[in-house]
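What follows is a short report on a single structure.
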Amino acid sequence: LRGMVTMTESYHLNEQRMTEHFDEIDPIVSGRLIGHKDTPAVEHVRAVLAMEEAQAAAEAALQDWDVVITPTTRQAALPVAEVDRDFETYVGWSTKFTNTNFGNVLKLCGVSVPCGFTGKGLPVGLQICARAFREDLALRVAHAYEQATAWHETHPRMDWIR
């Protein structure tokens with residue numbers, strides 16, 4: 001929902017740039033925006049209304065909860081060489097890693113903190129979300145987590161860069 005609303009609104013806010021400078025825009029961004037050039041207003045309004053319904057339901061469901069904790073990404077990180085093999089591969093992977101969209105749709109605020117490494121030594125994040133306008137709570141929980149663990153002081157191996 002939010003992706004469709006955001007992309008449709010972004011295209012129309014940047015329509016002149018998209019028309020006059022399309023080749024100068026990052027191909028990932030332009031490719032996502034151009035697909036929403038002709039989104040009918042009725043589809044946009046339906047998505048906005050559905051998003052508002054989801055936000056109200058989430059607010060009601062989370063009224064007794066302080067935070068929601070999830071993985072930052074839907075899957076573990078991959079080596080850069082695998083993701084950046086070519087443009088098509090990058091585009092294919094680019095939408096598979098985010099897990100933050102649900103927070104955007106539901107008007108939650110969130111922060112991601114380090115929480116470990118995969119078996120291949122790649123970083124893993126912990127996402128802490130609080131209700132809208134409760135950034136203070138999300139940040140306090142993130143700070144408490146960092147005080148209780150040492151993940152924010154641990155760095156991945158970088159010897160592969162040589």
Side-chain angles (χ1 to χ4, degrees), residues 1-11 13-14 25-36 47-48 50-162:
L1 296 173
R2 179 73 178 162
M4 194 277 274
V5 171
T6 301
M7 292 298 120
T8 300
E9 292 176 357
S10 295
Y11 177 83
L13 288 170
N14 292 287
I25 300 171
D26 180 290
I28 299 291
V29 174
S30 63
R32 288 180 182 163
L33 293 182
I34 199 70
H36 296 277
V48 169
M51 210 164 60
E52 289 173 354
E53 286 178 28
Q55 291 165 353
E59 190 173 323
L62 298 175
Q63 67 184 352
D64 295 328
W65 295 77
D66 291 324
V67 296
V68 174
I69 297 176
T70 67
T72 301
T73 58
R74 289 186 264 173
Q75 71 178 68
L78 296 172
V80 173
E82 187 173 333
V83 175
D84 284 354
R85 187 174 317 135
D86 53 51
F87 183 73
E88 288 75 27
T89 302
Y90 176 76
V91 170
W93 282 113
S94 68
T95 59
K96 293 183 177 149
F97 284 97
T98 185
N99 197 32
T100 58
N101 199 33
F102 87 95
N104 296 335
V105 169
L106 301 179
K107 281 202 313 193
L108 303 176
C109 60
V111 60
S112 177
V113 293
C115 70
F117 297 91
T118 66
K120 295 181 179 179
L122 297 166
V124 177
L126 180 76
Q127 178 177 234
I128 301 164
C129 294
R131 288 185 293 283
F133 307 109
R134 289 305 316 267
E135 289 87 353
D136 63 318
L137 182 57
L139 292 171
R140 281 199 327 264
V141 171
H143 180 73
Y145 177 81
E146 286 189 339
Q147 297 305 301
T149 68
W151 290 117
H152 63 290
E153 298 171 353
T154 309
H155 303 282
R157 289 182 37 235
M158 301 299 279
D159 57 342
W160 57 271
I161 291 179
R162 292 184 211 151

[X]: side-chain hydrogen bond (donor to acceptor under 3.5 Å, both in side chains) partners, not counting sequence neighbours:
X      : value
Thr89  : Asp86
Ser112 : Thr72
Asn14  : Arg17

If I compare all heavy atoms of Ser10 with all of Leu33, which pair ends up nearest, and what's the gap? CB-CD2, 3.4 Å
Identify the heavy atoms of Ala47 and Val5 that sit nearest to each other, and give their distance. CB-CG2, 3.7 Å
Would a 4.5 Å heavy-atom cut-off, applied to side chains only, mark Pro71 and Val124 as touching? no
Enumerate donor-acceptor pairs with a distance under 3.5 Å from any side-chain N or O in residues 130-145 to protein atoms, sequence neighbours excluded.
| from | atom 1 | to | atom 2 | distance (Å) |
| --- | --- | --- | --- | --- |
| Arg131 | NH1 | Leu62 | O | 2.8 |
| Arg131 | NH1 | Trp65 | O | 2.2 |
| Arg134 | NE | Asp136 | OD1 | 3.0 |
| Arg134 | NH2 | Asp136 | OD2 | 3.2 |
| Asp136 | OD2 | Arg140 | NH1 | 3.3 |

With sequence neighbours left out, write down each residue that passes side-chain contact (heavy atoms from CB on, under 4.5 Å) with [X], or none if nothing qualifies.
X      : answer
Ile34  : Tyr11, Met18, Phe22, Lys37
Tyr90  : Ile28, Val83, Asp84, Ser94
Pro114 : Glu146, Trp151, His152
Glu53  : none

Check whether Gln127 reaches the backbone of Ile69 with its side chain - one donor and one acceptor, N or O, closer than 3.5 Å. no
Quickly, which of Arg85, Glu88, Gln75 forms a side chain to side chain contact (heavy atoms under 4.5 Å, CB included) with Trp93? Name it, please. Gln75
So how far is it from Thr6 OG1 to His36 NE2, rounded to the nearest 0.5 Å? 9.5 Å
d(Thr118 OG1, Leu78 CG) to nearest 0.5 Å is 9.0 Å
